Structures are given as C-alpha cells and as structure tokens.
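Please read the structure below before turning to the comments.
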Amino acid sequence: MDFTAFKINVVETTGLAKDALHIYVGVGVYLLCLIALRPIIKSQGIRSFIALIVVTCIALLGEYLDNRDTIESLGLTGLSRDQILASIRDLINTCMLPYVLFALNKWTTIFRPTNKSTSLTKRHKKTDY
C-alpha cells in the first residue's frame, strides 16, 4: 500500500477532513515524543524542543511522500503552484499547534504549578504532642 492509498483509507475510516487529521497528527506526535522522551531527557525545555523537531521532520516527510512521484520524475521545480500551496497549508496545519504549545510552555507560566505544595501534617510548634 502506498502513502496516498493509506491517507485515503484513514480519511474514509475516520470521517475527518484531511486538515483535521494533520492537526491531530501534529499534536499526537508532539505529545507522544514528550512522553517517550521523559525517562531519557530530564530537562523539559530540551525535551519539548526535540519533540518539536520530530513533529517538523514528520510533517516534511509526509509532504515529501505526498509529492514523491512529481519530485522523482521532474524534481522540485516540477511541482505546480497548487501542490506547493497545498504542502505549505499541510505543514502549517501539522506544526502550528505544537509550536504554540512549545511557545506557551517556554515563555509563559501557564503550564507551571502556581504554588508549592506543603505538607498537611506539618507541625508548627515543637510543644505539640
């Protein structure tokens, strides 16, 4: 089964639009990379950056596979304007939300705990028995 037939099969099976599937794939790959890299890389910043690189590489690979026939026969210059615009739209759909999540994590405190947890059994005085 080639890549195009696989994509058509996924679209027909899920009933979702291709654009929605690109969004789901991008977020899914990003989150799976964050989970898979957690035991290996302790730094959240490095782990999320590597996950972002993986999402971008997967998106580029998908676009290459979409246009492989044209690229192999005519080269990159053989791609039509419509094919290039469709590829750019697919890349944006796949990568936009992971990039937004990365930026929110890096430059805001939205994903950080708001207060430090304290022990509920902590005693304040040594005279308590």
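Computed from a predicted model, the values in this text were never measured in an experiment.
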Side-chain heavy atoms of [X] within contact of [Y], under 4.5 Å:
| X | Y | result |
| --- | --- | --- |
| Tyr99 | Thr56 | yes |
| Cys33 | Val29 | yes |
| Leu104 | Val100 | yes |
| Lys7 | Asp66 | yes |
| Thr14 | Tyr24 | no |

Which pair of non-hydrogen atoms, one from [X] and one from [Y], has the smallest distance, and what is that distance?
| X | Y | answer |
| --- | --- | --- |
| Gly62 | Phe3 | O-CE2, 3.7 Å |
| Gly26 | Val55 | O-CG2, 3.7 Å |
| Gly78 | Gln83 | O-OE1, 4.2 Å |
| Leu34 | Gln44 | CD2-NE2, 4.4 Å |
| Arg47 | Ile41 | NH1-O, 2.6 Å |
| Ser73 | Asp69 | OG-O, 2.9 Å |

Shared hydrophobic cluster, [X] / [Y] (ILVMFWY, side-chain heavy atoms < 4.5 Å):
| X | Y | answer |
| --- | --- | --- |
| Leu76 | Leu61 | yes |
| Ile8 | Leu65 | no |
| Trp107 | Ile50 | no |
| Ile40 | Ile35 | no |
| Leu32 | Ile58 | no |

Legend entry - Co-members of the apolar cluster containing Leu60 [side chain, <4.5 Å]: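 For the cluster that includes Leu60, the remaining residues are Leu91.
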Inset, instruction - Take Lys18 and Asp90 through the test salt bridge (Lys or Arg N to Asp or Glu O under 4.0 Å) and record every step on the way to the result. - result: CA-CA 9 Å; Lys18 289 180 184 179; Asp90 290 347; over 6 Å; no
Would you compute the distance between atom [atom1] of [X] and atom [atom2] of [Y] and round it to the nearest 0.5 angstrom?
| X | Y | atom1 | atom2 | value |
| --- | --- | --- | --- | --- |
| Thr94 | Asp19 | OG1 | CG | 9.0 Å |
| Cys57 | Leu52 | SG | CG | 10.0 Å |
| Ile92 | His22 | CD1 | NE2 | 12.0 Å |
| Ile71 | Thr77 | CD1 | OG1 | 10.5 Å |

Inset, instruction - Please answer whether the main-chain N or O of Thr70 pairs with a side-chain N or O of Asn67 as donor and acceptor at a distance below 3.5 Å. - result: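 No, the answer is negative, given that no donor and acceptor are paired below the 3.5 Å cut-off.
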Inset, instruction - Hey, can you tell me if Phe49 and Phe102 have their rings parallel, tilted or perpendicular (30° and 60° cut-offs)? - result: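 It falls in the tilted class, 30° to 60°.
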